[in-house]
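For reference, positions follow the sequence shown, starting with 1. Below, each value reflects all heavy atoms present in this structure, side chains not excepted, and no hydrogens, waters or symmetry copies.
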Amino acid sequence: MCVTYIQPFGESSWVEFHRTEVIHNTHDPDFASKVQISYRFEERQSLKFEVYDIDSPNQSLEEHDFLGVATCSLGQIISSGKVHVPLSQRGLGARGDQQGHMIIIAEELVALKDEVIMQFSGTKLDKKKFIFWKSDPFLVFHKSLESGDYAVVHKTEVIITLLASELDISVLQVTLS
């Protein structure tokens, strides 16, 4: 999970602004949850991102493994469109203690939001079975950005212990933005 903090203009303290969804068991998470922040050109909008390994439903961040922190300004993200920000440990400088990096992509939201209703099904799916776990299928939808990159816009729920080789997601309503 990634927790986004904002630093209100003229203050030194950080305020929690947003939490992404929890993505289990991956070293390379791609969060579907988006952070919507109004950009104010005339002031510096500092942002802080803290990444945690979440292993229980407890909402307290102190109960989870802290993986790293990154800071930048919203202006940096907006002006570049896409930034790579190094993750480091709390209270330490960015040099010598890098824990990986985050890729943050900015996108201007438009007022028009079309809704699409889709139905998906799959047959003869390959059954992946390993010693301690079975494959649990899900779908991930991406959209193309002006930069040529792709961003996750929706992830379906994981279908736990699908024993048949068929997948049926009857109705999926997505708002395109």
Side-chain angles (χ1 to χ4, degrees), residues 1-9 11-40 43-109 128 130-160 174 177:
M1 175 173 59
C2 180
V3 181
T4 303
Y5 296 87
I6 59 172
Q7 191 174 46
F9 186 70
E11 296 183 23
S12 61
S13 61
W14 294 96
V15 176
E16 183 175 327
F17 185 76
H18 180 265
R19 290 186 183 198
T20 65
E21 72 278 12
V22 174
I23 298 178
H24 293 285
N25 303 323
T26 182
H27 291 284
D28 191 16
D30 195 358
F31 300 106
S33 177
K34 308 299 183 217
V35 181
Q36 293 184 18
I37 301 174
S38 296
Y39 178 57
R40 293 183 296 277
E43 67 183 62
R44 180 173 173 82
Q45 293 171 272
S46 297
L47 302 174
K48 178 169 68 169
F49 305 94
E50 291 185 352
V51 181
Y52 293 86
D53 179 16
I54 306 295
D55 294 320
S56 74
N58 190 324
Q59 292 294 311
S60 174
L61 295 175
E62 291 78 28
E63 299 298 319
H64 303 291
D65 297 328
F66 174 77
L67 299 178
V69 61
T71 58
C72 65
S73 72
L74 184 57
Q76 287 174 283
I77 301 168
I78 298 294
S79 66
S80 298
K82 177 180 177 181
V83 295
H84 293 256
V85 184
L87 287 173
S88 60
Q89 290 296 313
R90 269 193 202 112
L92 300 176
R95 295 192 187 274
D97 66 325
Q98 186 171 336
Q99 304 293 309
H101 68 277
M102 293 182 66
I103 301 171
I104 305 167
I105 299 172
E107 179 181 14
E108 182 178 2
L109 295 179
K128 300 288 185 191
F130 297 93
I131 296 172
F132 298 108
W133 57 276
K134 295 180 228 174
S135 63
D136 297 323
F138 61 95
L139 298 173
V140 179
F141 297 91
H142 297 80
K143 74 174 180 179
S144 176
L145 303 175
E146 289 181 17
S147 66
D149 293 316
Y150 289 89
V152 175
V153 292
H154 184 76
K155 290 182 184 181
T156 64
E157 293 293 321
V158 173
I159 300 172
I160 305 293
V174 179
S177 57

Look up atom CD in E11 and atom CD1 in I6, then write down how far apart they are to the nearest 0.5 Å. 9.5 Å
Shortest non-hydrogen contact from F49 toward M102: CB-SD, 3.6 Å
State, yes or no, whether a side-chain contact exists between R40 and Q45 at a heavy-atom distance under 4.5 Å. yes
Could you go through the side chain to side chain contact (heavy atoms under 4.5 Å, CB included) check for E107 and K34 one step at a time? CA-CA 10 Å; E107 179 181 14; K34 308 299 183 217; 5.8 Å; no
Residues A70 and P86: closest non-hydrogen pair is CB-O, 3.5 Å
Mark yes when over 12 heavy atoms from residues, nucleotides or ligands other than Y150 sit less than 6.0 Å from its OH; otherwise mark no. no
For E50 and V69 the tightest heavy-atom approach is CG-CG2, 3.8 Å
At what distance, to the nearest 0.5 angstrom, does CD of Q7 lie from NZ of K48? 8.5 Å
With the side chain counted from C-beta on, respond yes when V85 and I77 share a heavy-atom pair under 4.5 Å apart, and no when they do not. no
Side-chain donor or acceptor of E16 paired with backbone N/O of V3 under 3.5 Å: no
What distance separates L87 CG from T71 OG1, expressed to the nearest 0.5 Å? 10.5 Å
Closest approach of Q59 and R19, non-hydrogen atoms and distance? O-NH1, 2.9 Å
Mind listing the closest non-hydrogen atom pair of S13 and P8 along with its distance? O-CD, 3.6 Å
Stepwise side chain to side chain contact (heavy atoms under 4.5 Å, CB included) test for L47 and I37: CA-CA 10 Å; L47 302 174; I37 301 174; 3.7 Å; yes
Quick check on the 6.0 Å ring-centre criterion: do Y5 and F17 meet it? no
Any side-chain heavy atom of V152 sitting closer than 4.5 Å to one from H142? yes
First locate atom CG of D30, then atom CD1 of I103, and finally report the distance between them rounded to the nearest 0.5 Å. 8.5 Å
Heavy-atom closest pair, residues H64 and D55: ND1-N, 3.8 Å
S79 side-chain N/O to Q76 backbone N/O, donor-acceptor pair under 3.5 Å: yes
Could you measure the distance from the OG atom of S73 to the CZ atom of R44? Nearest 0.5 Å is fine. 4.5 Å
Looking at OG1 of T20 and NE2 of H18, how far apart are the two atoms once the value is rounded to the nearest 0.5 Å? 7.0 Å
